[in-house]
Protein chains: 4
Amino acid sequence: MSSETKSVQRSGRPRDAKARERILAAASALLDEGGIAAVTMEAIAKRASVGKPTIYREWPNASAVAMAAFLEATKGLAPADRQGGVLAALRRHLRAVAETFSTRAGRNTALMIAAAQSDSELAKVFRIHFIMKSREEGRALIELAVAGGQVRSDLDIEATLDLLYAPLYFRLLIGHAPFDARFVDTIIDAALNGLRPRLALPD
Amino acid sequence: MSSETKSVQRSGRPRDAKARERILAAASALLDEGGIAAVTMEAIAKRASVGKPTIYREWPNASAVAMAAFLEATKGLAPADRQGGVLAALRRHLRAVAETFSTRAGRNTALMIAAAQSDSELAKVFRIHFIMKSREEGRALIELAVAGGQVRSDLDIEATLDLLYAPLYFRLLIGHAPFDARFVDTIIDAALNGLRPRLALPD
Amino acid sequence: MSSETKSVQRSGRPRDAKARERILAAASALLDEGGIAAVTMEAIAKRASVGKPTIYREWPNASAVAMAAFLEATKGLAPADRQGGVLAALRRHLRAVAETFSTRAGRNTALMIAAAQSDSELAKVFRIHFIMKSREEGRALIELAVAGGQVRSDLDIEATLDLLYAPLYFRLLIGHAPFDARFVDTIIDAALNGLRPRLALPD
Amino acid sequence: MSSETKSVQRSGRPRDAKARERILAAASALLDEGGIAAVTMEAIAKRASVGKPTIYREWPNASAVAMAAFLEATKGLAPADRQGGVLAALRRHLRAVAETFSTRAGRNTALMIAAAQSDSELAKVFRIHFIMKSREEGRALIELAVAGGQVRSDLDIEATLDLLYAPLYFRLLIGHAPFDARFVDTIIDAALNGLRPRLALPD
DNA sequence: CGGTAAACGAGACGGTACGTCGTGTCTTTGA
DNA sequence: TCAAAGACACGACGTACCGTCTCGTTTACCG
């Protein structure tokens with residue numbers, strides 16, 4: 001335990017474990033207050049009372065710190081409530097995502113996607129630790145639905161996930177229309193029942 | 001009208017149209033060569049042999065110039081080829097979009113979306129002059145399909161467009177999977193026929 | 001001759017005399033308000049409601065306009081009052097100069113000398129139209145004093161004028177000590193009677 | 001004390017003395033090559049291979065750097081040679097000043113006086129570190145002369161110094177006449193013996 | 001008396017320098 | 001021996017003026 005982490009120290013001043021926390025907290029606060037432009041190394045260092053080299057020791061640039069702070073802040077995903085049927089759970093899940101997207105967390109998500117466009121390393125981290133993780137829920141539900149016969153079994157799961165999630169991200173990023181529960185319902189309905197004329201089936 | 005734009009000139013030396021062209025060409029070249037980070041006011045000014053104030057007179061910052069250059073470069077949208085049925089034309093259209101997205105133009109589109117995240121004015125311009133314009137094609141086809149009975153008439157057109165376009169943008173921005181003709185076909189198929197088990201109908 | 005200045009005009013619209021006045025007034029006001037740094041071509045043009053080329057048609061740069069405005073403002077030299085003896089008149093004259101130097105006109109004089117240091121053309125104009133003109137008075141008095149035997153006849157007049165005027169300019173420019181009537185008296189006394197021990201003679 | 005300047009260092013990397021030297025050398029070279037107009041922050045930074053903030057950390061503007069460079073370059077005042085009588089030493093001293101004034105150092109002195117006219121802080125620095133320091137020599141000689149009875153004891157020392165130095169500065173700044181040994185002699189003769197008719201005494 | 005040529009105001013042009021900010025690296029002192 | 005503090009070289013930012021240029025307009029003269 002503590003002897004395990006302490007005994008590694010050879011000599012000199014030990015790393016300050018709290019520094020990491022303070023850095024991420026500072027980055028998070030700056031991100032919320034002034035957007036990605038406010039998350040500069042200098043501002044983080046000042047706010048966290050930390051030397052710039054201390055930050056550079058762990059992250060290569062300010063965007064990376066912002067990403068780390070973002071991931072830290074959003075890692076607590078609300079576990080799905082699956083009662084009442086797989087498709088109902090899927091609907092609830094997407095509604096929750098949409099709701100999140102209309103808060104500051106949504107704004108930050110958009111900023112992280114933006115930051116990732118100019119930095120492939122950042123893109124990879126974001127993909128693995130945010131996108132893929134948040135798709136887990138949807139993927140599990142889709143697979144359940146396939147197993148339960150509520151959904152076709154010949155589907156490309158990844159494409160299906162894109163079909164469901166992408167419209168939310170699209171509206172988040174483009175801002176051309178609101179994402180509310182009605183929009184989520186419309187998307188789910190269209191996706192499930194298809195655009196062709198047909199008899200809509202109940203969920 | 002042309003009189004509307006021409007007659008505005010009040011007094012003083014009129015703007016130099018060639019300077020504007022050189023600025024946009026320089027911005028475009030810089031964008032292609034080094035991404036959005038390379039599109040700095042100083043670099044544009046140097047490359048276009050233009051004073052910085054000349055740029056600031058028309059655009060408020062480097063991103064705005066990049067956006068203008070991007071829009072200039074992408075305004076020539078290939079008109080749709082509608083022979084062979086509405087749904088086939090829709091498929092061809094989305095395939096063309098996907099193809100564009102795998103070129104430098106796609107990269108630039110992603111960068112513009114990224115830039116728009118921190119600048120609402122930029123976002124507006126991008127929405128109006130790129131997103132909305134490129135949806136025109138899809139919207140026209142969907143409306144034709146509705147009129148022709150190939151597609152349900154109770155659809156929310158905007159949501160439907162999102163359902164079709166968003167997956168492409170999503171993959172462009174997240175890069176978690178390729179967008180190829182197969183992906184487009186999968187998306188179209190899923191969207192048209194729905195995720196539920198059913199008898200697929202021919203296009 | 002008037003024909004000499006007027007007849008030069010070949011054709012076209014003649015110069016606007018009022019524009020010249022407005023330019024000089026604007027330059028003068030700017031000089032008084034913000035020192036030489038405020039006298040910029042753009043500020044003059046704006047304030048005088050004049051195009052920049054109109055200014056450049058007559059003066060080569062902003063300092064030259066400032067100099068012209070300064071000379072215009074100071075050309076009205078108070079004629080000397082010579083009653084009560086030549087030396088008394090000389091004393092009154094120098095006191096008057098010192099008094100002028102403690103006003104804004106003195107400040108401006110210093111600024112003009114400063115401006116002249118980096119522009120030989122300006123230096124020449126200042127020398128001819130200000131320095132030499134203001135020395136006329138002193139020169140006349142000295143020559144009278146020589147003629148009247150109150151002052152040695154073997155003097156180099158120019159050097160003598162320097163001896164009397166320079167201390168005032170020096171204090172104006174360096175600001176190491178005030179110039180008041182007492183200082184003028186001290187200088188005159190020392191200059192007339194010499195630094196060596198002797199019996200002082202009455203004026 | 002050296003402890004006074006050294007012990008101030010609180011924390012962080014100390015200032016780089018070599019950067020300071022390079023900055024002053026660059027400023028000095030630029031001043032000599034192109035006058036005060038050539039001493040721009042950008043040119044200094046480029047020439048000294050120094051970032052602009054490094055310069056701004058110590059000086060508020062380009063003139064201040066020029067002044068510092070000037071003072072650095074002129075701080076080595078030739079100590080006076082007092083053999084052969086106080087008045088002879090005074091004459092030699094003033095001749096030396098005049099000689100200096102006809103070199104580039106004189107040009108620079110004039111430029112510094114000019115720069116000081118628009119910047120009271122600069123004026124103060126110039127007064128203290130140049131004018132007052134260079135008057136020390138004259139003041140000491142005058143005081144010796146007073147003590148030795150070669151000069152009147154009722155003199156205002158400051159005014160007397162002005163009487164002797166000012167004509168040199170005046171000709172330096174106005175450029176209306178040369179300053180040579182003859183001029184210095186004329187000034188000294190006139191100042192010592194006075195302008196009134198009298199029997200000139202030998203030095 | 002109508003044409004023409006120069007001066008007018010306005011303001012855009014290509015530039016230079018400003019003073020500030022952030023970058024990522026380095027070099028101190030202090031813990 | 002590592003952390004904070006902060007100086008370093010660099011380079012982009014957005015602004016202010018420079019001195020030149022091009023507009024459309026005005027105003028005297030000369031043919």
Side-chain angles (χ1 to χ4, degrees), chain A residues 9-16 19 37-46 48-57 59-62, chain B residues 9-20 22 37-46 48-58 60-62, chain C residues 9-16 18-19 37 39-46 48-62, chain D residues 9-16 18-20 22 37-46 48-58 60-62:
Chain A
Q9 190 193 324
R10 293 248 174 250
S11 65
R13 180 169 176 171
R15 284 226 187 148
D16 186 351
V39 187
T40 69
M41 284 300 206
E42 305 232 315
I44 298 168
K46 189 166 199 177
S49 295
V50 142
K52 281 200 282 175
T54 302
I55 312 178
Y56 278 105
R57 214 166 284 128
W59 298 278
N61 51 56
Chain B
Q9 193 193 324
R10 295 238 172 264
S11 71
R13 179 175 175 173
R15 295 270 174 92
D16 184 349
K18 289 191 179 164
R20 199 191 128 90
R22 270 183 292 149
V39 187
T40 68
M41 284 300 207
E42 304 234 316
I44 297 168
K46 190 167 200 175
S49 295
V50 143
K52 282 200 281 174
T54 299
I55 312 178
Y56 279 106
R57 219 167 276 130
E58 189 150 7
N61 51 56
Chain C
Q9 194 192 321
R10 293 248 171 255
S11 68
R13 179 175 176 174
R15 294 262 179 99
D16 184 350
K18 288 186 182 167
V39 187
T40 68
M41 283 301 206
E42 305 233 315
I44 297 169
K46 189 167 199 177
S49 294
V50 141
K52 283 201 280 176
T54 302
I55 313 178
Y56 278 105
R57 218 166 278 128
E58 188 151 6
W59 298 277
N61 52 54
Chain D
Q9 194 192 323
R10 295 242 172 260
S11 70
R13 179 174 175 174
R15 295 270 176 89
D16 184 348
K18 289 188 179 167
R20 199 191 129 89
R22 269 183 292 149
V39 187
T40 68
M41 285 301 208
E42 305 232 315
I44 297 168
K46 189 166 202 175
S49 294
V50 143
K52 281 200 282 176
T54 300
I55 312 179
Y56 278 105
R57 218 167 278 129
E58 189 152 6
N61 51 56

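All figures in this text were calculated on a predicted structure; none of them were measured in a lab. In the text below, chain A, chain B and the rest are named by the order of the sequence lines, each starting its count at 1. Just so you know, these numbers use all the heavy atoms, side chains as well, and skip hydrogens, waters and symmetry mates.
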- [ ] Report the C-alpha separation of C/Ile44 and C/Val50 in whole Å, then their side-chain angles, then the decisive distance to 0.1 Å, and conclude whether the side-chain contact (heavy atoms from CB on, under 4.5 Å) test is met.
- [x] CA-CA 8 Å; C/Ile44 297 169; C/Val50 141; over 6 Å; no

Task: Interatomic distance, D/Met41 CE vs E/dG19 P [rounded to whole Å] - done: 6 Å

Open item on the list: Does E/dT27 have its OP1 or OP2 closer than 4.0 Å to a side-chain nitrogen or oxygen of D/Arg15?
Closed with: no

Open item on the list: Under 4.0 Å from OP1 or OP2 of E/dG14: is there any side-chain N or O of B/Arg22 that close?
Closed with: yes

Task: pair D/Arg20-D/Arg15: side-chain heavy atoms closer than 4.5 Å - done: no

TODO: Would you indicate what A/Ala62 reaches in the nucleic acid, counting non-hydrogen atoms under 4.0 angstrom: base, sugar-phosphate, or nothing?
DONE: sugar-phosphate

TODO: Tell me, please, which residues at least two apart from D/Arg22 pass side-chain hydrogen bond (donor to acceptor under 3.5 Å, both in side chains).
DONE: none

Task: Residue met sooner reading DNA chain F from 5', once D/Val50 and D/Glu42 are mapped to nucleotides - done: D/Val50

Open item on the list: With a 4.0 Å limit, can you tell me whether A/Thr54 has a side-chain N or O closer than that to the phosphate oxygens OP1/OP2 of F/dA4?
Closed with: yes

Task: Heavy-atom donor-acceptor pair, B/Arg13 side-chain to E/dC13 base, under 3.5 Å - done: no

Open item on the list: For C/Pro53 and D/Arg57, find the nucleotide of DNA chain F closest to each by heavy atoms; which residue's nucleotide sits nearer the 5' end?
Closed with: D/Arg57

Open item on the list: I'd like to know if B/Lys52 reaches the base of F/dG14 with its side chain, counting only an N/O donor and acceptor under 3.5 Å.
Closed with: yes

Task: Heavy-atom pair with the smallest gap, counting every atom of D/Gly51 and D/Ala45 - done: C-CB, 4.5 Å

